[in-house]
Amino acid sequence: MNLSVKIIIGLLLGILTGLFFGEYCSFFSYLGDGFIGLLQMTVLPYIIVNIVANLGRMKMSEGRRMVMNGLYVLLLLLGIGVITLLILPFALPSWTASSFFKSSVVAVQEPLNLLDLYIPSNPFYSMANNVVPAVVMFSIFLGVGLANIKEKEVLLKMLDVFGEGLNQINKMVVKLTPYGVFAIAAYNAGTMTIDEIQRLHAYIIIYTVGVLLLGFYWIPLLISSLTDVSPRALFKATRPTLLTIFATAKIIIVLPQLIDDIKRVLRLHYNRNDEMASKTEIMMPLSYPFPNLGTFVIFVFVPFIAWYMGNNFDLEETLTYLGSTLLSSFVAPVTGIPFILDLLKLPQEMFQLFVISSVYTDRIRVVLGTIHLLALTIITVIWTVHGLKPKWSKLIKGTLIGSILTFGSIIGTRYYLSQTLGESHQYESFVEMDFMNEHKPAQIKSIESLYADSLNYYGSNHLDIIKRRGSIRIGYLADHLPFAFRNQQGTLVGFDIEMAHLLAAELNVKAEFYRITQRQMKSLLEEDRLDIVMSGIIVTTDVLDNYAFSKSYINQTLAFMVPDHNRSLFNSRNSIKNLDSLSIGSAHPYFAKKLKNYLPQADIITLNSPREFFKEKHEELDALLLSAEAGSAWTVIYPQFNVAIPRPDVIKVPCAYPLPMMDESWKLFMDTWIELKQKEGTVDALFKYWVEGEGADIKEPRWSIAKDVLHWID
């Protein structure tokens, strides 16, 4: 039984296992991650050895012309690939999804340094930190340097031995592929939702469309327009090899056969076969380590993930993506794609989707890669030996037909996906969120009831008052997502509401909640009618005379909420200051004043609630100043808006709980309680649950045959 059959069996058994046991297959994720790590282990060293050895053997004085011709052809093919990467995402339909706050988005990082990314000033650092473009560049320079050294054979033979050793390790790992695929398939089939499967098939379809257009139309058109080799003759000579490559998903094992296929094609069309044959034997192995369109175009997975997360690339991100893809495509996608996901701050966990799809996409990837190698070798060899005679009329006619075909394919794919993808259910998941822990529904009372009751315990400190009263009076601000809001059932929930329930449990009293406004906060705390306000309140100096603050429990990040298409305009401080006519809203008076000093050319409008901006009650507003943590939650409800964090400096502000003045014992208690909740991990857990949206991802137990059909599991 060959490996391909074993892989297919492993895939099918994994899917069946996942469907049978459902969520009980979640432990397979560890085995799948381990297999991915083994796959990545030898890729980078093998590519380094391969590039250095191949380039080191070249006699530059003899092969300079062929190398330069090959470089021009490679750039032409990659140029076609760049156009494809720009066009394919247009096949993805409009998707009104958004995402919760992610800490990685606001992490303070050094700005992207293209020199460090591409120039290997310290090759060992680049290797250790998986800086793929720099490693590839180092390998190219080292290989070219060796080509000019006479006594290099000993080193090249050592590299051959080392490369063979890496190849043997890789073969050992490849033998584990059926088991690795089984683990990955079992985990994903047991835990993936229908929504995730539907959106993954969008990536598979657009990549398949790209492979078919490039491999079976555009590249054959290029070959036939520049040489005498017809598409029919090309595919007739290479059909058995292409089928073998599709079955094994490996190009390198059939390189000798590909060389023979090219020789056969050239023999049919050109007389100077001996010279062309010798150059084919050099050009094909030399071309192999360099990017091919199959690997290059599969990086469309990266903009697919951005679309999947509801965050399409702007111009700067697109240029960064294309630039990093150019050199990352030197290596296997299992190495290059995680690097670019990290570079563009996209969630690494989405790489699992790529791995499960690679069972199919790897096979068509190597087919397109093979056609790329055929084109590169054939055109370069013929150009070097015989010269090129472009058939301009055929090229122009074929380009017009191909443009219509490509445009029709993109439109057709977009229409199909728009009909089959359905809609995002993030909004429903968010508004249905409930407490992470078991709590009784919040008891919401009227502010009027505070007046008669609060004077009964006048003169006591608040800790004594709360315990004697048997309840703690908590004020909250409406529309303070995700810290305090009502869910679809009308229950008052949120980060700080759950913290309030935990506080009441700590004091062994009932929690009473009072909806208040920002303006009412001072008088209610000053007159001891409220014990505390818990609603994601940011600490500012202008209110320190009005009420006390507890110790800070989390930080929030200042950001702008903008329509999605304007996100790039607000990602930089300089770009914001260069905007002439600007109108910005703020629901916080303190920051409205600061914003006026920061942007003197802007009109600052104070809002009563962020909802006024999202419902576009002030149509003149270009942006709303809000925190990234709160704003991300609002984008789930209003996905046409996005969070923009001005760079390079990220401004963080502390959150604390307003308390009555002149009550040190109550403040000391709250400071100690907050510190305990931070140290024991409660604050972090609630932050992930409410702010980062883990609570919205809680689903019903996954359907499985064992549980729902056979009833073996309760």
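Excluded from the calculations below are hydrogen atoms, water molecules and symmetry mates; all remaining heavy atoms, backbone and side chain alike, are included. None of the values given here were measured: they were computed from a predicted structure.
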Stepwise side-chain hydrogen bond (donor to acceptor under 3.5 Å, both in side chains) test for Thr238 and Asp261: CA-CA 6 Å; Thr238 59; Asp261 292 342; 5.7 Å; no
Before giving the answer on side-chain contact (heavy atoms from CB on, under 4.5 Å), spell out for Lys263 and Met276 the whole-Å C-alpha distance, their side-chain angles and the decisive distance to 0.1 Å. CA-CA 8 Å; Lys263 290 179 180 178; Met276 288 188 175; over 6 Å; no
Assess whether side-chain contact (heavy atoms from CB on, under 4.5 Å) is satisfied between Val265 and Lys236, documenting all intermediate values. CA-CA 9 Å; Val265 171; Lys236 182 178 180 181; over 6 Å; no
Kindly indicate, with the supporting measurements, whether the criterion side-chain contact (heavy atoms from CB on, under 4.5 Å) is fulfilled by Lys394 and Thr399. CA-CA 8 Å; Lys394 182 176 184 178; Thr399 301; over 6 Å; no
Begin with the C-alpha distance, continue with both residues' side-chain angles, and end with the deciding distance and a verdict on side-chain contact (heavy atoms from CB on, under 4.5 Å) for Ile205 and Tyr416. CA-CA 10 Å; Ile205 288 175; Tyr416 167 76; 3.3 Å; yes
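Smallest separation of non-hydrogen atoms from Ser224 and Pro231: CB-CD, 3.8 Å. Annotation for Leu242 and Val367: closest pair O-CG2, 4.2 Å, computed over non-hydrogen atoms. Across all their heavy atoms, Gly70 and Leu376 have their closest contact at O-CD1, 3.4 Å. Taking each heavy atom of Ala91 and Ile206 in turn, the nearest pair found is CB-CG2, 3.8 Å. When every heavy atom of Ile204 is checked against every heavy atom of Thr208, the shortest pair comes out as O-OG1, 2.7 Å. Nearest heavy-atom pair across Leu77 and Leu222 is CD2-CD2, 3.7 Å.
With hydrogens and angles ignored, the 3.5 Å screen pairs a side-chain donor or acceptor of Arg414 with a backbone N or O of Leu92. With Ser324 contributing its side chain and Tyr321 its backbone, the two residues share a donor-acceptor pair below 3.5 Å. Checked by atom type and distance alone, the side chain of Thr406 never pairs as donor or acceptor with a backbone atom of Ser403 at under 3.5 Å. Although no hydrogens or angles enter the test, the distance criterion places a donor-acceptor pair under 3.5 Å between the side chain of Arg65 and the main chain of Thr384. A donor-acceptor distance shorter than 3.5 angstrom exists from the side chain of Tyr217 to the backbone of Gly402, with no hydrogens or angles considered. No donor-acceptor pair under 3.5 Å is formed between the side chain of Thr295 and the backbone N or O of Pro291.
Within the 4.5 Å cutoff, the side chain of Tyr72 has heavy atoms near those of the Trp383 side chain. With contacts defined as side-chain heavy-atom distances shorter than 4.5 Å, the pair Ile298/Tyr203 qualifies. Taking the side chain as every heavy atom from C-beta outward, Val229 and Ile382 approach each other to under 4.5 Å. Under the 4.5 Å side-chain criterion, counting only non-hydrogen atoms from C-beta, Thr84 is not in contact with Trp218. Within the 4.5 Å cutoff, no side-chain heavy atoms of Ile9 are placed close to those of Phe182. A heavy-atom distance below 4.5 Å is not found between the side chains of His372 and Phe296. Counting only heavy atoms from C-beta outward, the side chains of Phe641 and Val562 never approach each other to under 4.5 Å. No side-chain heavy atom of Lys152 sits less than 4.5 Å from a side-chain heavy atom of Leu159.
Rounding to the nearest 0.5 Å gives a distance of 10.0 Å between CG of Leu368 and CG of Leu373. The line from CD1 of Ile223 to CG of Leu226 is 9.0 Å long, rounded to the nearest 0.5 Å. The structure places CZ of Phe299 at 7.5 Å from CZ of Phe354, a figure rounded to the nearest 0.5 Å. Thr380 OG1 to Leu74 CG: the interatomic distance, rounded to the nearest 0.5 Å, is 8.5 Å. Separation of atoms CD1 (Ile401) and CD1 (Ile396) is listed at 12.5 Å; rounding is to 0.5 Å. Taken from CG in Leu75 to CD1 in Ile80, the straight-line distance is 11.5 Å, to the nearest 0.5 Å.
For Phe235 and Phe216, the distance between ring centers is under 6.0 angstrom.
Trp392 and Ser225 form no side-chain donor-acceptor contact under 3.5 Å, judged by distance and modelled atom types alone.
Within a 6.0 Å radius of NZ in Lys389, no more than 12 heavy atoms belonging to other residues, nucleotides or ligands are found.
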